[in-house]
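All remarks here apply to the structure that follows.
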Amino acid sequence: MIGLLEMRRRKFQFGLIAMIVMLISYLVLMINGLGVGLNVLAGSALRNFNADAIAYSERAGLSVIRSEMSQESVDRALSAPGVTAAAPLGYVAANYSDSRGKIRSAAFLGYDPGTIGEPRVTSGRALTAGDGNGLLADRSFLKAAGLDVGDTVEIGLRLGVRTFTIVGEINEGAFFFQPAVYILRDTWRDLKYGDMPAAEQPAASIVLLKGKGVTGKFDDYEAVNKETAFANIEGVSGQQSTVTSLRAFGYVIGALVIGVFFYVLTLQKISQIGVLKALGASSFYLFRQVLAQVVAVLAIGLAVSLPLAWATERALQRLPESVPIAFTNGTFVTTSALLFVTGLGGALFSGRQVARVDPIIALGQQQ
Amino acid sequence: MTATLEVSGLSKTYGSGEQAVHAVRDVSFATEPGEFVAIVGPSGSGKTTLLAMIGGLLTPTHGSIRVRGRDIAHLRGRQQAEYRRRSVGYVFQANNLLPFLTARENLMVVNAIGRGSRRAASARARQLLEELGLASRAGALATQLSGGEKQRVAIGRALMNNPELVLVDEPTASLDSQRGRQVVESLISEVKGRDKLGIMVTHDMEMALLADRILEMHDGELHQRARGA
Ligand SMILES: Nc1ncnc2c1ncn2[C@@H]1O[C@H](COP(=O)(O)OP(=O)(O)O)[C@@H](O)[C@H]1O
Ligand SMILES: [Mg+2]
């Protein structure tokens, strides 16, 4: 393979292209990781709900913040046809003081023990009916707050401050870009609506539903599947289109840079390509040489950028302030595959250039 | 016996209208197997153009070129490339080696773009480098070779595919006369030993006199030149 031999002999030029491929793919990977990471922050707790669908009050417009369901609505949702299990859930954002006294905010979710709304406790213990001043804190909450199971934490809501004990740790993620904290639904109701007469207090923000065919618009509530619910979280759709366009730019720039680089390299070699053609090399043979070079450059670039991106994510996770970058295996696979395809597409230009070279130029320098 | 090469009524015009250059005009000649022909003539007389048409690099405007009876004048694309790969060994006026390859690899390129066995090619490359006095330079990059060495590597490359036609365009341009004579003599013995045809364009009369026959070009026309003239 002359193409690969050429790469070995011209290490500097090809090393430079491989480095650029590496940097671009690293950038695209980090953008992808940011997309995944932001989605985790936006609503991993919602995605982790043990439910098929989520019911909102009729006029909430699929907003968990605006949704308020009365006890009658909750009961109707619980007994709707097809529903095999259901659980009311309350949501409220509240502030707390971390271990250094700094005010931060968290997403408080009120649930009833024993229902599908109950999170899985990873250490410590679960809440029981009497734990009005207990809470289950997400891993990310404990990390950000610098607190541990058994510690107490001051929660501020409305004008008052209330002290809670962290009785257990969970791993449910975040909600509305805040770490999730689970409390009893009665406690939630008190925190959010404590100054209203008990008869007027809503019973829940949303209802988690399990079962087939439970989505749709009903008399006084609207139920959608989890993916729709996720996409309707405030800010998610804007954030996703931003990340998607950044990613698309990354691929386009990658294809252009690789394409232009190989194009220029090919232009520089026109006379050599002419000689090979004059010796009888087919365009197809020469094209294969270019292709082998592009594949090798892409492979080398990705072989460096993938582990580098992975290591970056690891390093970022060790920082006390969490940076929203996360990878799934899918991120790596689709990013590599797409970069490969776009890079090859960019290199096709050079292939066309190769096909057009006239072997007659081998006679060169005759005039 | 069929002539190795039979050129008849061959013409090449570059451009058209007022800018037309009639580089080769109505050239006809034939050769016998094992013949080595020299072509001489002033610069611009059409020597390279004639050689390029015979070598399948240029398509003639008129005329035919028969190689062992087969007209190759109007081959195109893939077939023309295959003709060059199989039947022609061409030494270009500029040596045109690939700069990032060694002397040996420049010979092996012919094998890479063709189909033959790699081991046979490797043996042939070694033998050719030996014959051309390049054995000790086999591993040197083309850019590190002297002008004369490059020219000899180019000749070795032209012989790699064991071609029927060996076409050489002013090979002695960068060879000293002692070495030049040796190289031309080994080219001639290669052609004679295997009943091939050799055509060499040269401006060096001493070299031309080593050939069986000298043809002279003038303003695109070809004339037989009497020996000793
Ligand atoms: N590609 C070309 N386009 C136009 N004119 C050309 C081209 N190649 C050669 N010529 C002209 O054709 C004539 C013959 O050129 P060439 O075959 O190179 O002669 P020689 O090899 O004897 O010096 C010259 O007048 C040259 O300028
Ligand atoms: Mg010439």
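The chains referred to below are lettered A, B, ... by the order of the sequence lines, with proteins before strands, and numbering in each begins at 1. It should be emphasised that the depicted structure is a prediction, and the values quoted were computed from it without experimental measurement.
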Select all residues of [range] having any heavy atom within less than 4.5 Å of some heavy atom of chain B, and report them by number, or 'none'.
{"range": "residues 6-29 of chain A", "result": "A:E6, A:R9, A:R10"}
{"range": "residues 281-297 of chain A", "result": "A:A281, A:S282, A:Y285"}
{"range": "residues 256-277 of chain A", "result": "A:Q272, A:V275, A:L276, A:K277"}

Can you confirm whether [X] is buried at [atom1], in the sense that more than 12 heavy atoms of other residues, nucleotides or ligands lie under 6.0 Å from that atom?
{"X": "A:R314", "atom1": "CZ", "value": "yes"}
{"X": "B:H62", "atom1": "NE2", "value": "no"}
{"X": "B:H74", "atom1": "NE2", "value": "yes"}
{"X": "A:F349", "atom1": "CZ", "value": "no"}

- Message: Quick check: closest heavy atoms across B:A73 and B:T59, and the distance to 0.1 Å?
- Response: O-CG2, 3.7 Å
Please confirm whether the backbone N or O of [Y] pairs with a side-chain atom of [X], one donor and one acceptor, at under 3.5 Å?
{"X": "A:D138", "Y": "A:P179", "result": "no"}
{"X": "B:K47", "Y": "B:G41", "result": "yes"}
{"X": "A:T335", "Y": "A:F332", "result": "no"}
{"X": "B:D71", "Y": "B:S64", "result": "no"}
{"X": "B:R25", "Y": "B:D219", "result": "yes"}
{"X": "B:K196", "Y": "B:F36", "result": "no"}

- Test B:Y90 against every option in B:L51, B:I54, B:V168 by the side chain to side chain contact (heavy atoms under 4.5 Å, CB included) rule and name the one that passes. B:L51
- Message: Within residues 97-109 of chain B, which residues come under 4.5 Å of chain A, heavy atom to heavy atom?
- Response: B:L98, B:P99, B:F100, B:L101, B:T102, B:E105, B:V109
- Query: How far apart are the C-alpha atoms of A:E172 and A:R139, what are their side-chain angles, what is the distance that settles it, and do they pass the salt bridge (charged side-chain N to carboxylate O under 4.0 Å, His left out) test?
  - Reply: CA-CA 8 Å; A:E172 297 295 317; A:R139 236 164 45 169; over 6 Å; no
- Query: Would you call B:R126-B:E130 a salt bridge at under 4.0 Å N-O?
  - Reply: no
- For chain A, which of B:R86, B:M160, B:R157 has the most heavy-atom pairs under 4.5 Å? B:R157
- Task: Go through B:T61 and B:K12 one step at a time and tell me if the side-chain contact (heavy atoms from CB on, under 4.5 Å) criterion holds.
- Result: CA-CA 5 Å; B:T61 313; B:K12 178 72 188 181; 3.7 Å; yes
- Message: When you compare the side chains of B:R118 and B:N111, does any donor N or O come within less than 3.5 Å of an acceptor on the partner?
- Response: no
- Message: Under 3.5 Å, is there a donor on one side chain and an acceptor on the other for B:T13 and B:H22?
- Response: yes
